[in-house]
**Q** 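My questions all concern the structure below.
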Amino acid sequence: MTVRVRFAPSPTGYLHIGSARTALFNYLYARHTGGKFLLRIEDTDLARSTEESTRSILDGLDWLELAHDEEIVFQSDNADKHRATAKKLLAEGKAYRDFTPKAEPNDANVKDTIKDRARANQGEKNMRDNPYRALSSEESDARAAAGEPFAIRLKVAAVGKTSFEDAVYGLQERDYTETEDLVLLRSDGHPLYNLAVVCDDIEMAITHVIRGQDHLTNAHKQVLIYEALGVTPPTFAHLPLIMAPNKGKLSKRKHGEVVSMTTYRDAGFLAAAFRNFLALLGWSAGEEKEIYSLEELVQKFSLGGIHRSNAVFNFTENDPRKWTDDKAQWMNAEYIRTMPVGELLPFVKAELKSAKLWREEYEPELRAVTETLPSTAAAGADERPESVVIDLPEHGSYDWFIQTINLIRQRFFTLKDFSSQGRAYFSEDYDFDPAAIEKNLNKFPDLKVWLPELADRFETEFAEKPFSEANIEEGVKAFTEEKGTKLGVIMNGARTLLTGVAVGPSMLSVFEIVGLEGTVTRLRSQLAWRL
RNA sequence: GUCCGGUUCGUCUAGGGGUUAGGACACCGCCCUUUCACGGCGGCAACACGGGUUCAAAUCCCGUACCGGAUACCA
């Protein structure tokens with residue numbers, strides 16, 4: 001039988017990290033088994049569901065590149081079928097009408113109210129004491145015909161237990177006395193979650209239900225409905241939860257943006273890196289390896305590798321450096337630094353475009369995506385050259401662009417860095433970091449004269465000679481000796497003027513990448529000095 | 001309360017009767033170096049607790065503690 005799984009979010013907010021992982025695991029399982037990955041929007045809670053939220057969830061899945069098969073199912077479209085199913089169970093005597101007036105909704109702290117009620121019922125609560133359970137069908141029909149409102153509840157047997165084999169948590173058993181006669185249909189005719197899920201899963205021919213562990217007890221209720229319907233339940237696989245650093249609930253309200261997928265997209269994360277990170281939160285292939293391509297994840301994924309214990313998504317509020325999980329940040333940096341540059345290029349292009357730094361000269365990118373480019377191969381490559389600049393491509397050309405990206409990405413963490421820290425490589429209009437000025441320029445006032453002087457030297461010296469690393473090094477060293485200063489003073493001063501920041505690749509590479517003309521102009525510029 | 005689940009470095013985790021308890025991130029140190037958030041090398045750091053079974057327990061069993069989930073005419 002072909003595996004069919006589904007991701008079934010309720011559209012009451014953006015795609016958060018927990019749902020994203022659930023979606024990913026469903027996707028991986030489907031691809032691993034050659035099955036189908038379906039999407040169902042559980043929008044039956046009219047009050048809370050929004051179209052905007054649906055769109056945002058779709059955006060998130062799209063960003064993570066978790067493409068679904070077949071048409072999206074909107075649960076609200078199936079309400080009639082759900083009602084029909086409830087009525088069928090009623091007709092068969094497997095459910096009954098409950099004429100108890102609907103309890104007052106206490107919106108305030110529903111959760112607490114429920115808990116208090118449950119605690120109050122402790123010990124002696126008989127789940128089968130509903131007076132309408134035993135009402136004769138004649139009387140029930142009569143009261144319904146008279147227009148008396150009623151909910152439809154499933155008639156759960158008095159003795160016995162539900163049981164199923166969870167693919168993650170193993171054999172799960174629950175005594176009937178722990179489960180009340182659950183409501184299938186509200187008195188206003190609105191079908192309830194457990195009914196809707198079972199009906200839809202049957203209709204969609206779902207074979208494996210992979211979802212959060214918070215649904216474990218729902219699974220028992222759903223098994224009851226499957227049994228009443230005479231349908232074999234699917235295989236359940238419940239996932240451990242992702243918790244906040246204090247091991248409490250990770251919530252949108254309390255933790256805000258860190259839990260939203262769009263945050264990561266907007267912060268310059270690569271979907272591949274985030275997927276990789278997510279996959280390792282609650283699942284492991286049982287080997288000492290961290291970087292997995294999507295293909296490898298698909299190939300190695302198994303329900304058996306899913307953990308039973310919750311995982312903490314670790315971050316520190318109010319610490320800009322640790323605004324999100326360290327490992328996620330590292331993973332992203334690792335991808336940016338080591339993935340084939342051809343694969344990275346489209347993302348860099350998008351980033352530069354949005355920062356208005358993209359030039360048509362960089363364009364012939366098709367070649368890049370298909371060809372393997374100079375060194376810095378895939379993740380796991382044994383060596384990372386300090387500089388990958390090999391020759392002197394025309395400044396601003398396509399080849400120059402590739403080499404520049406390859407050079408600067410070695411110290412980058414996100415795609416955003418290409419347009420912020422890397423701005424000076426693509427534009428003459430870049431800012432100077434005051435700390436860099438202080439550290440590399442102000443401390444050595446002589447540089448105000450020396451650097452323009454160096455520019456003159458470069459201009460004459462490289463009129464004929466190629467402006468290449470070896471030659472530059474020779475020139476700068478001679479200049480340094482003449483001035484009786486240290487190489488670092490000149491280099492770091494130049495770095496600040498040329499790039500605006502105090503950190504970056506080897507200065508020789510920077511000179512070469514910026515080019516003779518740019519270097520000369522920037523060394524002569526007094527812009528930074530005025531700050 | 002009751003039911004269900006969980007507990008290995010700060011975090012993600014490997015290991016499921018005999019291991020110096022492994023890796024990754026983070027942190028710290030050293031090296032490289034013109035800078036650095038790159039890279040290299042190294043360090044710190046964990047089996048929740050108590051019983052039992054066994055020649056031998058992180059690993060199996062029981063209990064306790066703690067954490068989480070569930071409890072609804074929400075999804």
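Values below: all heavy atoms of this structure, side chains included; hydrogens, waters and symmetry mates excluded.
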**Q** Looking at residues at least two apart in the chain, or sitting in another chain, which of them share a salt bridge (Lys or Arg N to Asp or Glu O under 4.0 Å) with A:E178?
**A**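 By the salt bridge (Lys or Arg N to Asp or Glu O under 4.0 Å) rule, A:E178 matches no residue at all.
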**Q** What does the list of N/O pairs under 3.5 Å between the protein and nucleotides 72-75 of chain B look like, with a distance for each?
**A**
from	atom 1	to	atom 2	distance (Å)
B:A72	OP1	A:R117	NH2	3.1
B:A72	OP1	A:E180	OE2	3.0
B:A72	OP2	A:E180	OE2	2.8
B:C73	OP2	A:R153	NH2	3.1
B:C73	O2	A:S187	N	2.8
B:C73	O2	A:S187	OG	2.9
B:C73	N3	A:S187	OG	3.1
B:C73	N4	A:T100	O	2.4
B:C74	OP2	A:R186	NE	2.5
B:C74	OP2	A:R186	NH2	3.0
B:C74	O2'	A:D45	OD2	2.8
B:A75	OP1	A:H190	NE2	3.1
B:A75	OP2	A:Y193	N	3.0
B:A75	O3'	A:E42	O	3.3
B:A75	O2'	A:S10	OG	2.9
B:A75	N6	A:N218	OD1	3.1
B:A75	N6	A:N218	ND2	3.0
B:A75	N1	A:N218	ND2	3.1

**Q** Taking only heavy atoms on the protein side, list every residue of residues 311-319 of chain A lying under 4.0 Å from any atom of RNA chain B, sorted numerically.
**A**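 Contacting residues: A:A311, A:V312, A:N314.
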**Q** Look for any protein N or O under 3.5 Å of an N or O in nucleotides 41-46 of chain B and output each such pair with its distance, or none.
**A**
none

**Q** How many Å lie between CD on A:E334 and C1' on B:C12, as a whole number?
**A**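 Nearest whole value for this atom pair: 16 Å.
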**Q** Closest to the A:D325 side chain: B:U11, B:C38, B:U2?
**A**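 Of the candidates, B:U11 comes closest.
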**Q** Kindly state each residue pair satisfying side chain to side chain donor-acceptor pair (under 3.5 Å) with at least one member in residues 476-501 of chain A, sequence neighbours excluded.
**A** A:N440-A:T496, A:E453-A:K483, A:R457-A:E482, A:E473-A:K477
**Q** Would A:Q222 and A:Y193 count as having a side-chain donor-acceptor pair, cut-off 3.5 Å?
**A**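 Absent: no donor and acceptor within the cut-off.
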**Q** Can the positive tip of A:R21 be found less than 6.0 Å from the middle of the six-membered ring of A:F25, inside 45° of the ring normal?
**A**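 Yes, a cation-pi geometry holds between A:R21 and A:F25.
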**Q** Thinking salt bridges, do A:R97 and A:E148 make one under a 4.0 Å N-O criterion?
**A**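 Between A:E148 and A:R97 there is no salt bridge, as every charged N stays at least 4.0 Å from the carboxylate O atoms.
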**Q** What residues in residues 283-290 of chain A put a non-hydrogen atom under 4.0 Å from any atom of RNA chain B?
**A**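 When residues 283-290 of chain A is checked for heavy atoms under 4.0 Å from RNA chain B, the hits, listed by number, are A:S284, A:G286, A:E288, A:E290.
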**Q** With sequence neighbours excluded, tell me which residues meet salt bridge (Lys or Arg N to Asp or Glu O under 4.0 Å) with A:E438.
**A** none
**Q** Holding to side-chain hydrogen bond (donor to acceptor under 3.5 Å, both in side chains), I want the full list of residues that pass it with A:K155, two or more places apart in sequence or in another chain.
**A** none
**Q** Along nucleotides 59-64 of chain B, 5' to 3', which nucleotides get a B, which get an S, and which get a -, given that the test is a protein heavy-atom distance under 4.0 Å?
**A** ------
**Q** Tell me whether A:K252 forms a cation-pi arrangement with A:Y14, defined as NZ or CZ under 6.0 Å from the six-membered ring centre and within 45 degrees of its axis.
**A**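 Verdict for A:Y14: a cation-pi partner in A:K252.
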**Q** For A:L182 and B:A70, what is the distance between atoms CG and P respectively, to the nearest whole Å?
**A** 17 Å
**Q** Closer than 4.0 angstrom, basic N to acidic O: yes or no for A:R40 and A:D201?
**A** yes
**Q** With A:R143 as the cation and A:F99 as the aromatic partner, state whether NZ or CZ is under 6.0 Å from the six-membered ring centre and within 45° of the axis.
**A**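 Yes, a cation-pi geometry.
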**Q** For residues A:S309 and A:P240, determine if any side-chain heavy atom of one lies less than 4.5 Å from a side-chain heavy atom of the other.
**A**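 With C-beta onward as the side chain, the pair stays apart.
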**Q** How is A:K322 classified with respect to the nucleic acid when contacts are heavy atoms under 4.0 Å: base, sugar-phosphate, or nothing?
**A**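 The answer is sugar-phosphate, as A:K322 gets under 4.0 Å only of primed atoms, P, OP1 or OP2.
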**Q** Under 4.0 Å between any heavy atoms, over every strand shown, what does A:G212 touch: base, sugar-phosphate, or nothing? Just pick one.
**A**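 No contact.
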**Q** Applying the Watson-Crick and G-U wobble criteria at under 3.5 Å, what pairs with B:C41? Answer none if nothing qualifies.
**A**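 In the structure as shown, B:C41 has B:G29 as its Watson-Crick or wobble partner.
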**Q** Under 4.0 Å between a Lys/Arg side-chain N and an Asp/Glu carboxylate O for A:E180 and A:R128?
**A**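 Looking at A:R128 together with A:E180, the answer is no, because their closest N to O distance does not fall below 4.0 Å.
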**Q** Rounded to the Å, how far apart are A:R337 CZ and B:C38 C1'?
**A** 6 Å
**Q** Tell whether A:K247 reaches the base of B:C67 with its side chain through a donor-acceptor pair below 3.5 angstrom.
**A** no
**Q** Taking any heavy-atom pair under 4.0 Å as a contact, classify A:M331: base, sugar-phosphate, or nothing.
**A** nothing
**Q** Can you find a side-chain donor-acceptor pair between A:D325 and A:N314 that sits under 3.5 Å?
**A** no
**Q** Return yes if the base of B:U35 and the side-chain atoms of A:S506 contain a donor-acceptor N/O pair under 3.5 Å, otherwise no.
**A** no
**Q** Between the protein and nucleotides 4-6 of chain B, are there any N/O to N/O pairs under 3.5 Å, and if so, what are the atom names and distances?
**A**
from	atom 1	to	atom 2	distance (Å)
B:C4	O2'	A:Q172	OE1	3.3

**Q** Figure out the CH2/P separation between A:W330 and B:G10, and round it to whole Å.
**A**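 My rounded result for the distance is 20 Å.
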**Q** Check residues 244-251 of chain A and write down every donor-acceptor pair under 3.5 Å in which the side-chain atom is one partner and the other belongs to a residue at least two apart or another chain.
**A**
from	atom 1	to	atom 2	distance (Å)
A:N246	OD1	A:G248	N	2.7
A:S251	OG	A:K254	N	3.0

**Q** For A:W450 and B:U34, give me the distance from atom CH2 to atom P, rounded to whole Å.
**A** 17 Å
**Q** Output all residues satisfying salt bridge (Lys or Arg N to Asp or Glu O under 4.0 Å) with A:D77, sequence neighbours left out; order by chain, then residue number.
**A** none
**Q** Compare the minimum distances between each of B:C27, B:U34, B:A37 and the side chain of A:Q421, then state the nucleotide with the smallest one.
**A**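 So the nucleotide nearest the side chain must be B:A37.
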**Q** Are OP1 or OP2 of B:U7 and a side-chain N or O of A:H307 less than 4.0 angstrom apart?
**A**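 A:H307 to B:U7 OP1/OP2: no side-chain N or O under 4.0 Å.
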**Q** In whole angstrom, what separates A:N126's CG from B:U2's P?
**A**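 Distance, rounded to whole Å: 18 Å.
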**Q** Is it true that A:R153 and A:D98 have a side-chain N and a carboxylate O under 4.0 angstrom from each other?
**A** yes
**Q** Rounded to the nearest Å, what distance is computed from the CG atom of residue A:D433 to the C1' atom of nucleotide B:A37?
**A**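 Distance, rounded to whole Å: 13 Å.
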**Q** Say whether A:Y264 and A:N332, considering side chains only, have a donor N or O and an acceptor N or O under 3.5 Å apart.
**A** no
**Q** Using atom CG of A:L281 as one end and atom P of B:A24 as the other, report the distance to the nearest whole Å.
**A**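 So the two atoms are 19 Å apart, to the nearest Å.
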